[in-house]
Chemist: 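Structure incoming, see below.
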Amino acid sequence: VYAGDPDLPELVPGRRNAADVLGVDVRDAEMVRQIDGRVLLEIDGRRRRRWALDLAFGASGLGAGRPRSTVRIDGTTYEGILAKRVAPLQALVERKVTVDGDRALAMQLLLLLAARLNR
C-alpha cells in the first residue's frame with residue numbers, strides 16, 4: 001500500500017480511489033473513443049520529484065513507441081484543480097500547465113480530465 005510522499009502531491013484525492021480516477025465512466029465513453037494517441041502527464045512535486053503517467057488511448061496510442069504529447073503541471077496547481085480552486089482552462093491560459101508536442105491530442109485529454117473533475 002502506498003503511504004504517500006511529502007515531496008509529491010496526492011495523486012488521487014482521499015475521498016476517491018484509483019478506479020474513480022482511471023476507470024472509464026459511461027458518461028465519458030464517447031469522449032474517450034475520440035482520443036487516439038499516447039500522452040505523458042507529468043505532475044511536479046518538490047525536490048525534483050514528480051509523478052509521470054504514460055497514458056495510451058486507441059490503436060495509435062497502444063502501438064506508439066513514445067508519447068506524441070507531454071503535459072506538465074506543477075503540484076500546487078494540480079492540487080488547486082483537484083480542490084476546484086483553480087479552473088483547468090485557467091491554469092492552461094496562465095501557463096501553469098504546459099504542453100509539448102501534439103497540442104490537439106493534449107487538449108482532448110485535458111477536456112476529459114476537466115469534465116471528470118467538474119462532477
Side-chain angles (χ1 to χ4, degrees):
V1 174
Y2 179 71
D5 184 320
D7 293 325
L8 289 170
E10 185 178 20
L11 186 60
V12 179
R15 66 186 188 282
R16 296 182 179 175
N17 61 41
D20 292 335
V21 175
L22 299 174
V24 176
D25 186 308
V26 70
R27 295 172 287 184
D28 302 324
E30 185 57 37
M31 195 178 294
V32 170
R33 274 190 217 97
Q34 294 175 19
I35 302 174
D36 191 27
R38 188 168 159 193
V39 179
L40 178 63
L41 174 62
E42 294 181 347
I43 304 167
D44 292 329
R46 292 179 290 279
R47 298 192 307 183
R48 300 178 60 113
R49 303 288 308 266
R50 85 172 52 126
W51 288 109
L53 302 170
D54 193 338
L55 307 165
F57 297 90
S60 294
L62 295 173
R66 61 187 178 110
R68 285 189 356 222
S69 184
T70 300
V71 177
R72 290 183 186 88
I73 184 170
D74 67 88
T76 303
T77 301
Y78 176 76
E79 289 172 337
I81 290 171
L82 289 180
K84 297 184 179 183
R85 292 187 310 266
V86 176
L89 294 178
Q90 174 191 354
L92 187 63
V93 169
E94 293 175 357
R95 298 185 183 202
K96 293 180 179 184
V97 175
T98 61
V99 176
D100 293 325
D102 187 336
R103 290 175 122 1
L105 176 61
M107 285 305 296
Q108 286 178 312
L109 178 63
L110 291 171
L111 288 171
L112 173 63
L113 292 174
R116 304 262 336 232
L117 291 171
N118 284 328
R119 289 192 192 122

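The model shown is predicted, which means the values in this text are computed figures rather than measured ones.
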Chemist: Could you give the distance from CG (Leu62) to CZ (Phe57), rounded to the nearest 0.5 Å?
Modeler: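 Reported to 0.5 Å precision, the distance equals 10.0 Å.
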Chemist: Test of understanding: with side chain to side chain donor-acceptor pair (under 3.5 Å), list the residues that count as partners of Ser60, not counting sequence neighbours.
Modeler: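 In terms of side chain to side chain donor-acceptor pair (under 3.5 Å), with neighbours along the sequence ignored, Ser60 is linked to Asp36.
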Chemist: Tell me every residue that passes side chain to side chain donor-acceptor pair (under 3.5 Å) with Arg50, counting only those two or more places apart in sequence or in another chain.
Modeler: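 Only Asp44 meet the side chain to side chain donor-acceptor pair (under 3.5 Å) criterion with Arg50.
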Chemist: Has the side chain of Trp51 got a donor or acceptor atom that lies under 3.5 Å from a matching backbone atom of Glu10?
Modeler: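 No, because the side chain of Trp51 does not come within donor-acceptor range (under 3.5 Å) of the backbone of Glu10.
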Chemist: Identify which one of Leu40, Val39, Thr70 satisfies the side-chain contact (heavy atoms from CB on, under 4.5 Å) criterion when paired with Asp54.
Modeler: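 Between Asp54 and the candidates, side-chain contact (heavy atoms from CB on, under 4.5 Å) is satisfied uniquely by Leu40.
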Chemist: Which heavy-atom pair separates Pro9 from Gly75 by the least distance, and what is that distance?
Modeler: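 Nearest heavy atoms, Pro9 then Gly75: CG-CA, 3.8 Å.
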Chemist: Between Arg38, Gln108, Arg68, which is the residue that forms a side-chain hydrogen bond (donor to acceptor under 3.5 Å, both in side chains) with Asp102?
Modeler: Arg68
Chemist: Are Tyr78 and Val97 side-chain neighbours, meaning at least one heavy-atom pair lies under 4.5 Å?
Modeler: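 The answer is no; the side chains never approach within 4.5 Å.
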Chemist: In chain order, what residues pass the salt bridge (charged side-chain N to carboxylate O under 4.0 Å, His left out) check against Arg103, with sequence neighbours excluded?
Modeler: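 Expected list: none.
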Chemist: Got a sec, which residues hit side-chain contact (heavy atoms from CB on, under 4.5 Å) with Asp74, two or more places apart in sequence or on another chain?
Modeler: Thr76, Thr77, Lys96
Chemist: Let me confirm one number: the CG-CG distance from Leu41 to Leu109, rounded to the nearest 0.5 Å.
Modeler: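 Rounded to the nearest 0.5 Å, the CG-CG separation comes to 6.5 Å.
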Chemist: Any non-hydrogen side-chain atom of Thr98 less than 4.5 Å from a side-chain atom of Ile73?
Modeler: no
Chemist: If Ile, Leu, Val, Met, Phe, Trp and Tyr residues are connected whenever their side-chain heavy atoms lie under 4.5 Å apart, and connections chain through other members, are Leu111 and Val32 in the same group?
Modeler: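 Different hydrophobic clusters.
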Chemist: Which atoms form the tightest heavy-atom contact between Ser69 and Ala106, and what is the distance?
Modeler: OG-CB, 3.3 Å
Chemist: Does Arg95 have any salt bridge (charged side-chain N to carboxylate O under 4.0 Å, His left out) partners at least two apart in sequence or in another chain, and if so, which?
Modeler: none
Chemist: Please identify each residue that fulfils salt bridge (charged side-chain N to carboxylate O under 4.0 Å, His left out) with Arg72, with sequence neighbours left out.
Modeler: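 Partners of Arg72 by the salt bridge (charged side-chain N to carboxylate O under 4.0 Å, His left out) criterion, ordered by chain and then number, come out as Glu42, Asp100.
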Chemist: Of the non-hydrogen atoms in Val86 and Ala91, which two are nearest, and what is the gap between them?
Modeler: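 Heavy atoms only, the tightest pair is CG1-CB, 4.0 Å.
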Chemist: What residue among Arg47, Arg48, Arg49 forms side-chain hydrogen bond (donor to acceptor under 3.5 Å, both in side chains) with Asp7?
Modeler: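 In the set Arg47, Arg48, Arg49, the residue that makes a side-chain hydrogen bond (donor to acceptor under 3.5 Å, both in side chains) with Asp7 is Arg47.
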Chemist: Mind running side-chain contact (heavy atoms from CB on, under 4.5 Å) on Leu92 and Met107 for me, showing each step along the way?
Modeler: CA-CA 10 Å; Leu92 187 63; Met107 285 305 296; 3.4 Å; yes
